[in-house]
Every structure is written in structure tokens, then in C-alpha cells.
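See structure below.
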Amino acid sequence: MKDTHDDRSFEQDVYDVVRAIPEGRVTSYGAIAKVLGAARASRRVGWVLNKSFGAQPPVPAYRVVNRLGMLTGAIHFPADQPMAAQLKAEGVVIENDTVVDFGARFWDPMTEL
DNA sequence: CATCTGACCTAGT
DNA sequence: AACTAGGCCAGAT
């Protein structure tokens, strides 16, 4: 018996947190990793999100940016649904691949969830 | 099969 | 305060 408990849980957990992000708000990989209890596993979060495109229900991965508010993951988004465009559609101002007023737009899953 | 890379972050020097 | 190194874990070469 293969116990795939950890990977499975982590994956589902990331999806759950990302789906909990309100419209017009953004969060960071580190914040997600931290709320999951793996503050240094932020890389894994990115890997999971990369797989999240085919997930059901859809995961708003475009609301996740790095700690500096930069859209580092934009390059991995499909051309039909650019990261910046979706954020702008929710009222988030993007300039030079960076979220403007990131401090106010930041949504901390650990504090607010 | 060994090595490196990658949607990053924290901690130590 | 700036820089280096380490961590996390799976996929790709």
C-alpha cells in the first residue's frame, strides 16, 4: 500500500487556501506555505499551483504572487488567460509585472482565514 | 542512475 | 544592511 497522504493533503490544502482568496486580493507563496505549517516549502507551493490549472473547481492561481508582489508565475500561464489581465479585471493595478500597492492588496491566509 | 532546476523563502554571516 | 547558503520535493535531462 502506497501512502500518498502527505502529497495529497498538501495539494488539496494549497487549492483550498488559494480558492479562499477574495477578489481583488493577492497573497504570496510563503504565506500559503506558512499557513500550511511548511514555511520553507514555498517552492513546493509553486509546483502544486503549476498543476492546478486542470483542477476542479478552478483555482485562481493568478492571485498568488511572490513576496515582492511580482508576477513571477505569469510566464507559466496560458496565453488565453494572462495573469496580469485577470488581476486587472478584478481591480488590481499591475505595473511592470508588479502589483501596485501590494501592501494593501495583500491577503494573509493565516491572519484572515 | 546522478545531477540540476524550479511560480520561493528564511536564516545565518 | 548586503550576500551566501540551506531547505523543500518532484520533474526533467
Side-chain angles (χ1 to χ4, degrees):
Chain A
M1 252 192 149
K2 264 314 185 159
D3 43 82
T4 55
H5 53 306
D6 276 321
D7 298 341
R8 190 64 151 210
S9 184
F10 191 83
E11 192 176 311
Q12 290 294 330
D13 218 348
V14 170
Y15 290 159
D16 190 39
V17 174
V18 174
R19 284 195 274 242
I21 303 172
E23 283 187 15
R25 289 295 187 86
V26 291
T27 191
S28 62
Y29 306 95
I32 295 170
K34 193 170 190 176
V35 79
L36 296 184
R40 299 174 188 164
S42 34
R43 272 179 142 171
R44 251 204 310 165
V45 177
W47 174 79
V48 171
L49 283 178
N50 211 353
K51 205 177 130 209
S52 72
F53 285 104
Q56 283 291 326
V59 179
Y62 58 87
R63 289 181 188 150
V64 185
V65 296
N66 74 348
R67 220 221 172 248
L68 302 173
M70 302 182 193
L71 281 59
T72 49
I75 58 179
H76 288 273
F77 271 76
D80 292 358
Q81 292 178 315
M83 194 174 184
Q86 294 194 68
L87 286 171
K88 283 182 180 177
E90 295 188 350
V92 180
V93 182
I94 307 297
E95 189 169 300
N96 202 6
D97 291 320
T98 308
V99 177
V100 178
D101 204 359
F102 178 63
R105 293 288 188 183
F106 182 69
W107 181 82
D108 191 348
M110 189 166 49
T111 302
E112 313 217 25
L113 192 57

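Proteins get letters first, then strands, A, B, ... in listed order; numbering begins at 1 in each. In this text, all values refer to a predicted model and were calculated from it rather than measured experimentally. Scope of the values below: all heavy atoms of this structure, side chains included, with no hydrogens, waters or symmetry mates.
With sequence neighbours left out, the side-chain hydrogen bond (donor to acceptor under 3.5 Å, both in side chains) criterion links A:Asp97 to no other residue. Scanning for side-chain hydrogen bond (donor to acceptor under 3.5 Å, both in side chains) contacts around A:Lys51 gives A:Glu11, with sequence neighbours left out. Qualifying side-chain contact (heavy atoms from CB on, under 4.5 Å) partners for A:Val100, counting only residues two or more places apart in sequence or in other chains: A:Val93, A:Glu95. Among residues two or more places apart in sequence or in another chain, the side-chain contact (heavy atoms from CB on, under 4.5 Å) test is passed with A:Ile75 by none.
Using a 4.5 Å cut-off between side-chain heavy atoms of Ile, Leu, Val, Met, Phe, Trp and Tyr, A:Val65 falls into a hydrophobic cluster with A:Val26, A:Phe53, A:Tyr62, A:Leu71, A:Phe77, A:Met83, A:Leu87, A:Val92, A:Ile94, A:Val99, A:Phe102, A:Phe106.
For the P atoms, the distance linking C:dT13 with B:dA7 amounts to 14 Å, nearest Å.
Listed by first and then second residue, the side-chain hydrogen bond (donor to acceptor under 3.5 Å, both in side chains) pairs involving residues 16-28 of chain A amount to none (not counting sequence neighbours). Listed by first and then second residue, the ring-ring contact (aromatic ring centres under 6.0 Å, His included) pairs that reach into residues 28-47 of chain A come to none, sequence neighbours excluded.
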Quick one, give me the B/S/- string for nucleotides 6-13 of chain B, reading 5' to 3', where B means a protein heavy atom under 4.0 Å from the base and S means that only happens at the primed atoms, P, OP1 or OP2.
BBBS-S--
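Only at 4.0 angstrom or more do the heavy atoms of residues 94-113 of chain A sit from any atom of DNA chain B, so none qualifies.
The closest donor-acceptor contact from the side chain of A:Asp108 to the backbone of A:Glu112 lies at 3.5 Å or more, if one exists at all.
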